[in-house]
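Quick notes on the structure that follows.
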Amino acid sequence: MSNTVALESTVIAHGLPYPKNYETAKKMERAVLENGGIPKTIGIIDGQIIIGLDDKNIKFLATGKNIYKLGTAEVPVATALKLNGATTVSGTMSIASKNNIDIFATGGIGGVHRDVSWDVSQDISELSKTSMIVVSSGFKSILDVQKTIEFLETFQITVLGYKTDSYPLFHSRKSKYKIPFRVNSPEEIISVFEEKRKLGISGAVLVFNPVPEENEIPYKELDSYIQKAVEKAKEKNINGKALTPFLLSYLSEISDGKTLETNISLLLNNAKLAGKIAGLRK
Ligand code: PSU
Ligand code: MN
């Protein structure tokens, strides 16, 4: 397989505010490149799937108004109806895997939401069937942690802690949940992935790479912000695709931008690790 690293565009269009979203997208590409990989940011412009969005298109997704948030299920709608859309973890993985790309870096994956019944991200079903190394900093801490861990198990998603013994939780490096397997090098990640593929087992190898220490927000501090954000979403009746973007921006607001800085830091750190993994392919 190739040394290309896929990057998603939902984090640009719906996960971070302008201009930080644009700057971060460019910095993620640079981080992949500097560490030995070829970055390709994926999105849909006027119904065209683009693997390797150029500067103009990244800016368009970073500033545009009617940009759809596209999971795998919505990708064909966007191409048929000639829409503009940013692809989520699931949408990006499904496009990348059909184009010979099997390494992907994101921030936090989707999972099972708190309080809201049956809001489970398409990311989980995609991770269960698509063969790919996915580097993230955990699932988003706005989720129900325990239920999401159980879902990863049910869907046979291979989980590895990168230099960590517990599940990192996006903004936080540690949690009380022990991660079953720890790896300490990009080489070990590649070897687990190749083995999974050789054995004919479908699905991703999900690598949890904790946010750098200097930017982490300890879970205790974070949890009070999250509870407030979840309450607010309930009060405003926000659900479905709008829920994650709302919670992320509300968290940034009530933490004085602290969660935003953390989010950017972990995205860059994940791009760096994915670049290193890809560099081994040369
Ligand atoms: N990682 C981030 N910020 C984000 C996302 C990931 O740091 O905004 C996006 C990803 O695209 C992920 C999506 O697939 O949030 C999950 O949304 P939902 O919970 O609605 O499935
Ligand atoms: Mn959802």
Side-chain angles (χ1 to χ4, degrees), residues 6-18 20-21 24-25 27-28 41-44 61-62 67-75 85-96 104-128 130 132 134-145 147-148 151-152 157 168-172 204 206-212 215-217 222 226 229-230 233 238-252 259-271 274:
L7 299 169
E8 58 145 318
S9 44
T10 292
V11 63
I12 308 173
H14 309 281
L16 305 167
Y18 183 79
K20 295 243 159 141
N21 55 355
T24 305
K27 282 187 192 159
M28 283 181 81
T41 305
I42 294 176
I44 299 189
L61 291 179
I67 311 290
Y68 287 89
K69 177 177 164 187
L70 308 169
T72 305
E74 294 83 39
V75 167
T87 49
T88 66
V89 168
S90 71
T92 306
M93 284 178 71
S94 109
I95 292 170
F104 170 44
T106 182
I109 59 154
V112 186
H113 273 281
R114 298 184 186 190
D115 286 344
V116 199
S117 52
W118 290 110
D119 186 337
V120 183
S121 176
Q122 285 185 53
D123 293 357
I124 302 281
S125 27
E126 191 64 45
L127 286 161
S128 75
T130 299
M132 189 164 291
V134 179
V135 181
S136 85
S137 297
F139 21 89
K140 275 169 269 169
S141 33
I142 51 175
L143 299 171
D144 185 314
V145 175
K147 288 197 181 117
T148 304
F151 258 67
L152 294 176
I157 298 158
L169 294 178
F170 197 51
H171 300 102
S172 315
L206 184 54
V207 180
F208 284 137
N209 183 30
V211 63
N215 295 106
E216 92 148 334
I217 308 176
L222 191 72
I226 296 173
V230 170
I238 292 168
N239 49 45
K241 287 189 186 298
L243 185 56
T244 296
F246 171 80
L247 292 173
L248 292 177
S249 85
Y250 192 74
L251 277 181
S252 167
T259 59
L260 177 60
E261 287 316 309
T262 304
N263 202 346
I264 292 171
S265 162
L266 64 87
L267 282 162
L268 297 179
N269 196 42
N270 294 339

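Indexing begins at 1, ligand by ligand and atom by atom, following the structure's order.
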>> Contact between Ile42 and Leu7 at the side-chain level, heavy atoms closer than 4.5 Å - yes or no?
In response: no
For ligand 1, find each of its N or O atoms that sits under 3.5 Å from a protein N or O atom, and tabulate the pairs with distances to one decimal place.
residue: ligand 1; atom: 1 (N); partner: Gly108; partner atom: N; Å: 3.0
residue: ligand 1; atom: 1 (N); partner: Gly108; partner atom: O; Å: 3.2
residue: ligand 1; atom: 7 (O); partner: Asn263; partner atom: OD1; Å: 2.9
residue: ligand 1; atom: 11 (O); partner: Glu8; partner atom: OE1; Å: 2.6
residue: ligand 1; atom: 11 (O); partner: Glu8; partner atom: OE2; Å: 3.3
residue: ligand 1; atom: 11 (O); partner: Val89; partner atom: N; Å: 3.4
residue: ligand 1; atom: 14 (O); partner: Val89; partner atom: N; Å: 2.9
residue: ligand 1; atom: 14 (O); partner: Asp123; partner atom: OD1; Å: 3.1
residue: ligand 1; atom: 14 (O); partner: Asp123; partner atom: OD2; Å: 2.8
residue: ligand 1; atom: 15 (O); partner: Lys140; partner atom: NZ; Å: 2.7
residue: ligand 1; atom: 17 (O); partner: Lys69; partner atom: NZ; Å: 3.2
residue: ligand 1; atom: 19 (O); partner: Thr244; partner atom: OG1; Å: 2.9
residue: ligand 1; atom: 20 (O); partner: Lys69; partner atom: NZ; Å: 2.8
residue: ligand 1; atom: 21 (O); partner: Ser121; partner atom: OG; Å: 2.8

>> Quick one, Leu267 with Leu16, criterion side chain to side chain contact (heavy atoms under 4.5 Å, CB included). Give me CA distance, side-chain angles, the key distance, then yes/no.
In response: CA-CA 11 Å; Leu267 282 162; Leu16 305 167; 3.9 Å; yes
>> Checking Leu222 against Ile217 for the side chain to side chain contact (heavy atoms under 4.5 Å, CB included) test, could you report, in this order, the C-alpha distance in whole Å, the side-chain angles of both residues, the deciding distance, and whether it holds?
In response: CA-CA 6 Å; Leu222 191 72; Ile217 308 176; 4.1 Å; yes
>> A quick test of your reading: do over 12 heavy atoms of other residues, nucleotides or ligands sit less than 6.0 Å from OH of Tyr250?
In response: yes
>> I want to check something: taking the side chain as every heavy atom from C-beta on, are Thr244 and Lys69 in contact at a cut-off of under 4.5 Å?
In response: yes
>> Testing the 3.5 Å rule here: is there a donor-acceptor pair between the side chains of Ser136 and Asn270?
In response: no
> Take atom NZ in Lys20; do more than 12 heavy atoms of anything else shown fall under 6.0 Å from it?
Replying inline: no
> Applying the side chain to side chain contact (heavy atoms under 4.5 Å, CB included) test to His113, which of Asp144, Leu247, Val120 qualifies?
Replying inline: Leu247
> Is the closest side-chain donor-acceptor distance between Glu8 and Thr87 under 3.5 Å?
Replying inline: no
>> Listing by chain and number, which protein N, O or S atoms are under 2.8 Å from the Mn ion (ligand 2)?
In response: Asp119 OD1
